[in-house]
Protein chains: 2
Amino acid sequence: MVSAPARRRGPSKGDRKQEALLETAERLLAVKPLAEIGIEELAKGAGISRSSFYFYFESRQAMLLALLARASDNLITQVEGWLEPESEDTRASLCRSIELAVKMWDEHGSVLFAAQNPDAPAEARQFMADLTGRLVAATEDMINRKRATGAAPPGPPSAHSLATMLVGMTEHGISHNNGALGQAELVDTLSTIWHRALFATD
Amino acid sequence: MVSAPARRRGPSKGDRKQEALLETAERLLAVKPLAEIGIEELAKGAGISRSSFYFYFESRQAMLLALLARASDNLITQVEGWLEPESEDTRASLCRSIELAVKMWDEHGSVLFAAQNPDAPAEARQFMADLTGRLVAATEDMINRKRATGAAPPGPPSAHSLATMLVGMTEHGISHNNGALGQAELVDTLSTIWHRALFATD
DNA sequence: GACAAGAGTCAACACGGTGTCGAAAAAAGT
DNA sequence: ACTTTTTTCGACACCGTGTTGACTCTTGTC
């Protein structure tokens with residue numbers, strides 16, 4: 001009776017069903033690749049019929065894009081913090097950044113993994129390329145600053161190629177480490193390699 | 001007419017058709033992922049009907065396994081040369097090994113790339129895991145030898161985690177470098193990172 | 001050079017998953 | 001209450017896969 005009428009800003013039924021589909025998808029992606037997930041399965045997980053799925057998404061691929069869009073804000077915010085505060089001790093700063101990358105993967109790994117699958121739609125792969133590109137660009141800037149102050153030796157290798165390989169190693173190391181290495185060892189190994197690659201003179 | 005009769009070891013017609021299928025597959029894999037290659041397409045490429053394909057292979061996945069088996073000998077031979085001759089100058093030796101990896105990729109890249117796709121059959125992924133495992137093991141041994149002689153500083157990071165990350169970086173760097181970096185720069189960057197990661201003291 | 005045996009071929013079929021359509025039910029405004 | 005818009009779903013068309021069984025072509029043998 002006291003039901004607050006006020007703003008009817010409740011998400012409509014459709015919004016909730018769409019969200020249920022996305023959550024089901026994310027749950028299933030943690031277990032098997034996108035190509036092995038049937039529309040039926042998705043629909044059942046959200047309590048609707050198979051053909052109703054198409055009311056919400058054009059295809060399985062389109063749903064992946066929606067999943068990426070949903071994660072995007074969070075992801076981009078975190079990427080902005082990547083390597084920024086360089087005032088502090090260098091080694092600890094590297095650890096923090098790599099831990100941030102691990103965290104990003106913990107939160108969105110299954111979606112990101114699906115998006116980098118070779119037969120994901122081009123837009124999804126572009127999204128991943130952009131994300132990686134931001135990381136590389138930030139790393140490149142950091143290297144150039146360190147080199148300018150003499151803290152890091154000059155190239156070759158160029159800041160760009162160094163950044164590309166280190167970011168690639170980090171993404172690969174994190175996403176393909178299936179419990180083989182403990183998280184602490186993983187972070188430690190990666191940050192050691194980063195540190196040596198950036199600051200060691202041969 | 002001097003056609004040496006001797007051994008009638010000519011590959012039977014079927015053998016030739018099977019080979020034609022494998023070659024068609026390899027050619028197509030260079031262009032698009034396995035999942036996007038239809039049986040029809042493969043069959044047409046070998047000049048047979050779609051249903052004849054199944055005389056040769058149980059499925060597209062089974063054909064991928066045959067493709068791997070075909071590359072396997074060559075691949076394993078090359079892996080055995082990986083990091084072996086450690087007598088010479090360290091830096092040049094690293095370059096040689098990485099160039100070898102680039103060469104392996106040039107020769108078999110499209111098949112290896114398909115085999116590491118998440119929805120490739122488990123056996124294909126196992127093959128890739130084995131191959132990577134061999135590379136990691138060889139690297140690990142090399143690190144341990146260098147550490148034993150004092151040429152490289154002791155861990156942490158452990159030889160194993162270091163080897164895992166470096167090999168991973170190399171595979172990733174090579175397989176995802178789509179002409180972005182020239183081959184010389186790629187090899188140079190990778191070998192610099194290897195060298196610093198292995199021999200630099202922090 | 002005829003003839004079996006087996007190697008290779010393919011049209012026709014069954015099946016399973018995708019995506020579309022239009023009619024009907026449910027929800028939301030007025 | 002009744003109109004509009006949102007949501008649902010059964011029925012259908014379509015496409016690619018994999019199977020079957022009858023056929024033809026090779027290949028070796030006497």
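Proteins get letters first, then strands, A, B, ... in listed order; numbering begins at 1 in each.
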For [X] and [N], give me the distance from atom [atom1] to atom [atom2], rounded to whole Å.
| X | N | atom1 | atom2 | result |
| --- | --- | --- | --- | --- |
| B:F55 | D:dC23 | CZ | C1' | 14 Å |
| A:M63 | C:dT18 | CE | P | 11 Å |
| A:F53 | C:dC21 | CZ | P | 17 Å |
| A:F57 | D:dT8 | CZ | P | 12 Å |
| B:Q61 | D:dG16 | CD | C1' | 13 Å |
| B:R60 | D:dG18 | CZ | C1' | 11 Å |
| B:Y54 | C:dG8 | OH | C1' | 17 Å |

Taking C-beta and beyond as the side chain, do A:R70 and A:V111 meet within less than 4.5 Å on heavy atoms? no
Do A:S191 and A:R91 touch side chain to side chain, with heavy atoms closer than 4.5 Å? yes
If a pair satisfies ring pair (Phe, Tyr, Trp, His ring centres under 6.0 Å) and one of its residues is in residues 154-175 of chain B, list it, with sequence neighbours excluded. A:H172-B:H172, B:H172-B:H176
Taking only N and O in the side chain of B:Y56, is any of them less than 4.0 Å away from OP1 or OP2 of C:dT9? yes
Please confirm whether the shortest side-chain N or O distance from B:K17 to OP1 or OP2 of C:dT9 is below 4.0 Å. yes
Residues which pass side chain to side chain donor-acceptor pair (under 3.5 Å) with A:Q126, listed by chain and number, not counting sequence neighbours: A:D130
Quick one: list whatever passes side chain to side chain donor-acceptor pair (under 3.5 Å) with B:E80, sequence neighbours left out. none
Among residues at least two apart in sequence or on other chains, which ones pass salt bridge (charged side-chain N to carboxylate O under 4.0 Å, His left out) with [X]?
| X | result |
| --- | --- |
| A:D119 | none |
| B:K32 | B:E41 |
| A:R196 | B:D202 |

Nucleic acid contacts of residues 21-43 of chain A, taken as heavy-atom distances under 4.0 Å to DNA chain D: none
List for me each residue that meets side-chain contact (heavy atoms from CB on, under 4.5 Å) alongside A:I143, sequence neighbours excluded, and say none if there are none. A:T139, A:R147, A:A159, A:L162, A:A163, A:L198
Which atom pairs link the protein and nucleotides 10-13 of chain C when you take only N or O atoms and keep those under 3.5 Å?
| from | atom 1 | to | atom 2 | distance (Å) |
| --- | --- | --- | --- | --- |
| C:dC10 | OP2 | B:S49 | N | 2.8 |
| C:dC10 | OP2 | B:S49 | OG | 3.4 |
| C:dC10 | OP2 | B:S52 | OG | 3.3 |
| C:dA11 | N7 | B:S51 | OG | 3.3 |
| C:dA11 | N6 | B:S51 | OG | 3.1 |

